[in-house]
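Written out below as C-alpha cells is the structure these notes cover.
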Amino acid sequence: MFNKEQQLIETKIREFCAANDIPLAELKWQPIPFSGEWGFATSFFQTAANEARTGKSGKPVPLRAQEMAEQVKGQIGTVEGISRIDAVKGYLNLYFSTAAYASRVVGEVLASGPDFGRGTKKNERVMVEYAQPNTHHSFHIGHARNAILGEVLARLVEFAGFETIRASYPGDLGLGVITVMWIYDKLYKGQEPSGVHERGQWLAKLYVEATAMLEKKEDETPEQTAQREAYDAERREMYRKWDAGDATVRELWHRTREWSLEELRDILGILDIKIDVWFYESEVDEPSKVIIDELIQKNIADDERPNGGAVIVKIDEKLGLTKDKYRTAVVLRSDGTSLYLTKDLALAKVKFEQYHVDRSVYVVDFRQSLHFEQAFKILEMWGFPQASNCYHLSYGYVTLPEGAMSARRGTVALFKEVYDEAIKRVLQVETEKSADIPAEERQKIASQIGLGALVYSMLAVDNNKHIVFDINEALSFDGRTGPYIQNAYVRANSILKKANIQSFKAANSQNFDYELTKHEIELIEQISRFPQTVEQAANEYRPLVMASYAYDLANTFHSFYHAVNVMQTTDEKTRNARLQLVMAAKQTIENALRLLDIQSPDVM
RNA sequence: GCCUCCGUAGCUCAAUGGACAGAGCACCUGCCUUCUAAGCAGUAGGUUGUGGGUUCGAAUCCCGCCGGAGGCGCCA
C-alpha cells in the first residue's frame, strides 16, 4: 500500500551504498513491531555481514549494521508522507505521518468496498480440484475439511487475481460402490428413505452391513464360510455385469449414485460451494486406458504384459536416479484395467488440453503424496510443461478422539450431524443472549454462526497438521473462533446502525487530523495489511495465513471497541472520522470472512 | 530397509533466517446504569524432543539420535 515511499527510499539507500562502496544485500521490508506508531523497517545485518566478508570493516556485524542505519538515516532527509526516521539496533525504521496514512488507508477501503484487497489480474488460469468423496457413502467431517480447504483456496487465488476453475471429482466406481449396490439389490430394494440426507446416510449404513456380511470372521463355521463366499460371488458377478455395461446394473448404479450426489450437492450448497466442473471417475476410466499406448510408444512406460506383468513406469530408472525417489509406478493392471494413477494422468491431460489450465492444484490428504509426485513426474516426462505448475495441496487427515474414521466400520462423524448440532448449540446461546431477535431470523443466524465455528476450526491449523476432531472444540464460540470474528463484524455494524449510517460514498472526506489513540492506530495498521495477506495466502496456498489475519483483525477491533466509544465522541469531526474507520474495519472483516467461506451476520 | 511429514507453555496451535518465541483453552484478578460481556484489561506459565554443524544472527537451514504418524509396482 506504500510502494511509492518504499521505492523512493530504496533508491536513496542504493545511491548511498554505491557512493560509499558498501555491498548492499537484498532489501527486505517488514512492519515495525510494538508500535503505537506505524511504519516499515529494513535491517542492515546482511549488508554488514557482506562487508565483513570483504575484510573492509573489522567491527562486529550488529554494531556496523547500526552504524549503516544511522548513516542512511542521515542521507535520506525528508520524504513526503514519512514523519520521522529512526536507526535502532541495526534497523532503519520509517514512520508514517499519522493523518495522511490514516486517511489513505480508510479512503482506499471505502472506495474499493468488497474489492478492497483484490489483487491485480494475473494472466493465468488455475484449476483447484477438491471435493472428491466416494459415492454410495456419506459425507463426513474429513470430507468437510477437504471441501473447505479447497473452496477457501479457490477463493484466495481468485481474489488474488487468477482466473479460477473449481473442480470436483467424485469416486463413483470400484468395489466399494458395487458392495452397496449388491446389498441394496439383495435385501433393501425399494426401502430407501425419502429425505436427501436420510437416504445418503442410509447408503453408508448399508455399506457397513454389507462389509460385515462379506468379511471373513475369525472362527466361522463351514456354513458361514460357504455363505460368505456365495455373497462375494454375487458381488463379483455384479461388478462383471457393471463392467460389461449390463443395462439393469447400470440403471441401479445411476439411481443409487444420484442419491449420493444429491446429498453431496446439498452439503456443498450449505457450504456455499459452487463447483464449475464435475469429473466423475467413471468417465475417465475408458479414456485413461487409451493414453497408456501413447506412454508405451514414447518409451515412458514398459509393457510387461507379455510376461504376465503389468504396464509400469520405472520413473527413477528413466530419470537416471540411483536412489529411490519416485520408484516404479504401475499404470495399468495386467488384466488391462485402469488404476487410480491411470485415471489421474488422463484427467490431467483433460485439464491441460480442454480447460487450458496453467496451474493445477489438487487438494488431497497427505497419504497420497507419493502418488502425486509420480503423477506429476510422469506428466513432465510425457511433455506437459504445466506439470511443473501442478501442486498437491497435502493436508493432514481428520481423526476422532477414539481413532481413525472408517466408512467400512461406520465409525465416522457425519458432517450433517455435526452441522445440525452446531445450529442447536447456537440457538441455545441465542435464546439466552439475543432474545430480541425474531425467531425465524435466529434460525438463519444460527446456521451462519454454527458453520462459522466449524469452518474456522478447520482453517485455523496449517495444512500439514492432523486434526483430532473434538466437537466441543470445533463448536466453541469463545476465543480464537469463527464467531469471535463474526462478533467483531456485528459490533462494527451495531455502531453504524446506531449512527444511522449505511455508506460514506457520498461524503468521503476522511479527516484524521486529530490525536489518534493507540487503538485506532493499531486498527488502521491491521486493516492496511489485508492486501498483502491475500497475496501471501494465495501464493503459499495457505488458508491459515488468512484465518490468522482475520482473528488478529477482529482482536484489534474488539480492543478498539472497548477503548474508544465512537458514538460518545463529542467532537463531530473526530466522531465522523471514527465512524469511517469503523466502516473500513467492517468492510475488511467482511472481505476476510468471505475469503474464509464464513458469513457475516448483521446481528448475533 | 528406504522415503515424506510432525515434535514449541499443562492442552490445542501460531511464528519458516532477524528486534523481548506469540494466541486460544484451562487457572487466577479486575471490568456490564456507557455503540452487543459470544467481549475487554491484567497475572501466571518456555534450556522450541535431543546432540552437533552452518551463520553476524537459528524454533526456522544441514547432519546424527530419540519419539509419533504416513507411504513404498497391479487399493483409492
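Chain letters run A, B, ... following the sequence lines, proteins first, then strands; residues in each count from 1.
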Say you pick atom P in B/rA58 and the same atom in B/rA69; how far apart are they, in whole Å? 33 Å
Residues 452-466 of chain A vs salt bridge (charged side-chain N to carboxylate O under 4.0 Å, His left out), sequence neighbours excluded, gives A/D462-A/R542
Quick note, salt bridge (charged side-chain N to carboxylate O under 4.0 Å, His left out) partners involving residues 303-312 of chain A, not counting sequence neighbours, are A/D303-A/R305
The complete set of side chain to side chain donor-acceptor pair (under 3.5 Å) pairs with one or both residues in residues 132-142 of chain A, sequence neighbours excluded, reads A/E129-A/Q132, A/Q132-A/N146, A/H136-A/T256, A/S138-A/E263
Intra- and inter-strand pairing of RNA chain B, written as dot-bracket with Watson-Crick and G-U pairs under 3.5 Å and | for the latter, reads (((((((..((((....[...))))..((((.......))))......(((((..]....))))))))))))....
By side chain to side chain contact (heavy atoms under 4.5 Å, CB included), A/D470 pairs with (sequence neighbours left out) A/N472, A/E473
Residue set satisfying side chain to side chain contact (heavy atoms under 4.5 Å, CB included) with A/E317, at least two apart, ordered chain then number -> A/K314
Partner set under side chain to side chain donor-acceptor pair (under 3.5 Å) for [X], not counting sequence neighbours:
X	answer
A/H371	A/D344
A/D243	none
A/Y484	A/N555

Note: A/Y169 and A/Y280 closest approach over all heavy atoms is CE1-C, 4.0 Å
Margin query: I'd like to know whether the aromatic ring centres of A/F366 and A/H466 sit less than 6.0 Å apart in this structure.
Written below: yes
5' to 3', nucleotides 62-76 of chain B under a 4.0 Å protein heavy-atom cut-off (B base, S sugar-phosphate only, - none) gives -------SSBBBBSB
Expected list for residues 547-556 of chain A near RNA chain B, using heavy atoms below 4.0 Å, is A/Y551, A/N555
Could you go through nucleotides 56-59 of chain B and list every protein N or O atom that sits under 3.5 Å from one of its N or O atoms, giving the distance for each pair?
residue, atom, partner, partner atom, Å
B/rC56, N4, A/Q46, OE1, 3.1

